[in-house]
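A short write-up of the structure that comes next.
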Amino acid sequence: MKTLNKIKAILFVLILLVVYSCSIEDGRNLNGPQTNSISEGLSRPELPQVVSGILADMRDRLHTQRDAMSVVGRDYWRHQSSDPRWTGDLMTGTLDDNAFYITTPYAGRYAVVKQCNLLLQGLENTTEAFTDAEKAAIRGFANTIKAHELLTILTMLDDNGIRTDVADSENLGPFESYDDALSTIINLLNTAATDLASGGDVAPNTLGVSYLEFNRALTARAAAYQGDYNLVLTALADSFMDFNGDLNTGAYFQFSAGGGDALNQLFFALNSTAANARIAHPDFVNSAEAGDTRLGKAVLRTDGPLNIADLTPGTHDVYIYQSSSDPVGMIRNEELILLYAEANMMSSPSDAEMAINVVRSAAGLGDVAPGGVDEDRLLYERRYSLFAEGHRWIDLRRYNRLIAEITIDRPGDGVVTKFPIPQNEGQ
């Protein structure tokens, strides 16, 4: 992205302002404007730089967060010869509250929240002649992204809770319980949706869908976590959900090999070595229905099984991304259709079956039998449709099935139910 050098400067100062004290690896030498020029009064030329910066910085440590959640959910094994914690802590269930797998995603997400808060502060202080619609669009964008980042952290920490009120770095709000934080996030999304409906999109938008459609899709996800299925259906009606559309349509993180931009670090070439590998969990491979094309996300290693950390030799590489510039989904049509099925599972079984059959048809499978959509069916379809996107661990936890279904691969392994609050996060 052309403005990335300025954006990185903004991020650097933001990280200094954030008091979470989590270390960010890969420190950078950054040069550019100070953030107070934004918070003291947003100018029109600054707006696209800030929006681009927020979208870019949402990608920070995305791979670490996805890997951590996929390992504890046994989507796959992550091996890095220089760091045994991938096959140690995350698989034994003994987590370190000062380890990279929580501190870096935590700091990265809250850095973006800080950027959104500074944008909102700058909007309040601006002397620029923004129209009411433009102001609504900016508020809607900032609060939608804030909600996304907070929800992502909440799903990691679960009932450890999170802070949602962090606008004043000198006077942080308290940790809220899981239920309270989820309600705060949903309220934030609903308020943002009202602004986006009246203001439209703020430029630039690289997601692939409108900010309002993204907001409503994200609201449906959060409402499902809350068990508010009426809100799930209401939000889906205003999202980009399309039963006849491409299941991969959705909001995406963008990457490129261009100078100064970021690469997709969730990409590994096939037949990766023990130095750096993502190996599909054998149960994912062995439990698939015959003919399920979603199994193609795990590709047989032609160099033979990989032996790592006393685990069963791994036969299949995770291969969702074919290059380091492939986009990574934030939320896709396939998830929305499955949310529709979940929301209708008890109240309207025929609608749930219709939705499940849309997904199964795309995967090369036949329809479920009438009355065949239950919790087991839903979790199977979500496991294969959303493989390696960080959902299985969350799904098993919210259906109280973590202990029963997480595979114990070696003696001494255990189940992670939540990530700890980072050690240096003062309470």
* **Separation between CG of Asn117 and CG of Asp168, rounded to the nearest 0.5 Å** => 10.0 Å
* Evaluation steps, salt bridge (Lys or Arg N to Asp or Glu O under 4.0 Å), between Arg85 and Asp96 -> CA-CA 9 Å; Arg85 289 173 291 185; Asp96 180 352; 5.0 Å; no
* To do: Not counting sequence neighbours, list each pair that qualifies as a ring-ring contact (aromatic ring centres under 6.0 Å, His included) and has a residue in residues 386-406.
  => Phe284-Phe387, Trp393-Phe419
* Check whether any side-chain N or O of Asp195 sits under 3.5 Å from a backbone N or O of Ile138 as a donor-acceptor pair, and report yes or no. => no
* Structure fact -> One should read off an interatomic distance between Met330 CE and Leu207 CG, to the nearest 0.5 angstrom, of 5.0 Å
* Using salt bridge (charged side-chain N to carboxylate O under 4.0 Å, His left out) as the criterion, list what pairs up with Asp228, not counting sequence neighbours. => none
* To do: Taking atom types as modelled, find out whether Asp67 and Ser70 have a side-chain donor-acceptor pair closer than 3.5 angstrom.
  => no
* With sequence neighbours excluded, residues passing salt bridge (charged side-chain N to carboxylate O under 4.0 Å, His left out) with Arg44 -> Glu134
* Taking Arg61 for the side chain and Ile102 for the main chain, is one N or O donor matched with an acceptor at less than 3.5 Å? -> no
* Could you name each residue pair satisfying ring-ring contact (aromatic ring centres under 6.0 Å, His included) that touches residues 235-263, not counting sequence neighbours? => Phe243-Tyr340
* Structure fact -> dist Lys297:NZ -> His316:NE2 (nearest 0.5 Å) comes out at 14.5 Å
* To do: Provide the full list of ring-ring contact (aromatic ring centres under 6.0 Å, His included) pairs with a residue in residues 183-212, sequence neighbours left out, each pair given once.
  => Phe141-Tyr211
* Tyr106-Glu425 side chain donor-acceptor pair, cut-off 3.5 Å -> yes
* For Tyr76, check ring-ring contact (aromatic ring centres under 6.0 Å, His included) against everything at least two apart and list the hits. => none
* For Glu213, does its backbone N or O pair with a side-chain atom of Arg216 as donor and acceptor, under 3.5 Å? -> no
* **Listed partners of Arg294 passing salt bridge (charged side-chain N to carboxylate O under 4.0 Å, His left out), at least two apart** => Asp292, Glu381
* Are Thr184 and Glu176 close enough that a side-chain donor and a side-chain acceptor fall under 3.5 Å? -> yes
* Asked: Between the side chains of Thr249 and Asn333, does any donor sit under 3.5 Å from an acceptor?
  -> no
* For Leu212 and Ala193, which heavy atoms make the closest approach, and how far apart are they? -> CD1-O, 3.7 Å
* To do: With Arg383 as reference, evaluate Asp395, Asp283, Asp75 under the salt bridge (charged side-chain N to carboxylate O under 4.0 Å, His left out) test and give the passing residue.
  => Asp283
* **Nearest heavy atoms of Gln423 and Asn98, plus distance in Å** => NE2-CB, 3.8 Å
* Asked: Taking only residues two or more places apart in sequence or in another chain, which ones pass salt bridge (charged side-chain N to carboxylate O under 4.0 Å, His left out) with Asp374?
  -> none
* **Residues in side-chain hydrogen bond (donor to acceptor under 3.5 Å, both in side chains) contact with Arg221, at least two apart in sequence or another chain** => Glu335
* **Under the side-chain hydrogen bond (donor to acceptor under 3.5 Å, both in side chains) test, residues paired with Thr234 that sit two or more places apart** => none
* Asked: Got a donor-acceptor contact below 3.5 angstrom from the Arg278 side chain to the Leu266 backbone?
  -> yes
* To do: Compare every heavy atom of Gly291 with every heavy atom of Leu365, then report the nearest pair and how far apart it is.
  => CD2-C, 3.9 Å
* **Which atom of Ile421 lies closest to which atom of Asn160, heavy atoms considered** => CD1-O, 3.7 Å
* Is there a donor-acceptor pair closer than 3.5 Å between any side-chain N or O of Ser348 and the backbone N or O of Asn344? -> no
* Asked: Between the side chain of Ser361 and the main-chain N/O of Val358, is any donor-acceptor distance below 3.5 Å?
  -> no
* Shortest non-hydrogen contact from Arg66 toward Gly329 -> NH2-O, 2.7 Å
* Check whether any side-chain N or O of Lys418 sits under 3.5 Å from a backbone N or O of Gly161 as a donor-acceptor pair, and report yes or no. => no
* To do: To the nearest 0.5 Å, tell me how far Lys114 NZ sits from Ile54 CD1.
  => 13.0 Å
* Heavy atoms only: give me the nearest Leu336-Ala217 pair and the separation to one decimal. => CD2-CB, 3.7 Å
* Structure fact -> The ring-ring contact (aromatic ring centres under 6.0 Å, His included) partners of His148 (sequence neighbours excluded) come to Phe214
* **Ser256-Asp261 side chain donor-acceptor pair, cut-off 3.5 Å** => yes
* If you measure from CD on Glu128 to CG on Leu42, what distance do you get to the nearest 0.5 Å? -> 7.5 Å
* Quick one: does Asn357's side chain have a donor or acceptor within less than 3.5 Å of a partner on Val368's backbone? -> yes
* To do: Working to the nearest 0.5 Å, report the span between OG1 of Thr417 and CG of Asp159.
  => 7.0 Å
* Asked: Under the side chain to side chain contact (heavy atoms under 4.5 Å, CB included) test, which residues partner Gln80, sequence neighbours left out?
  -> Arg78, Ser82, Asp83, Trp86, Asn276
* Quick one: does Arg74's side chain have a donor or acceptor within less than 3.5 Å of a partner on Thr407's backbone? -> yes
* **Polar side-chain atom of Asp317 near backbone of Tyr319 as donor-acceptor pair, under 3.5 Å** => no
* To do: Carefully, step by step, assess Leu172 and Asp165 under the rule side-chain contact (heavy atoms from CB on, under 4.5 Å).
  => CA-CA 6 Å; Leu172 298 174; Asp165 179 7; over 6 Å; no
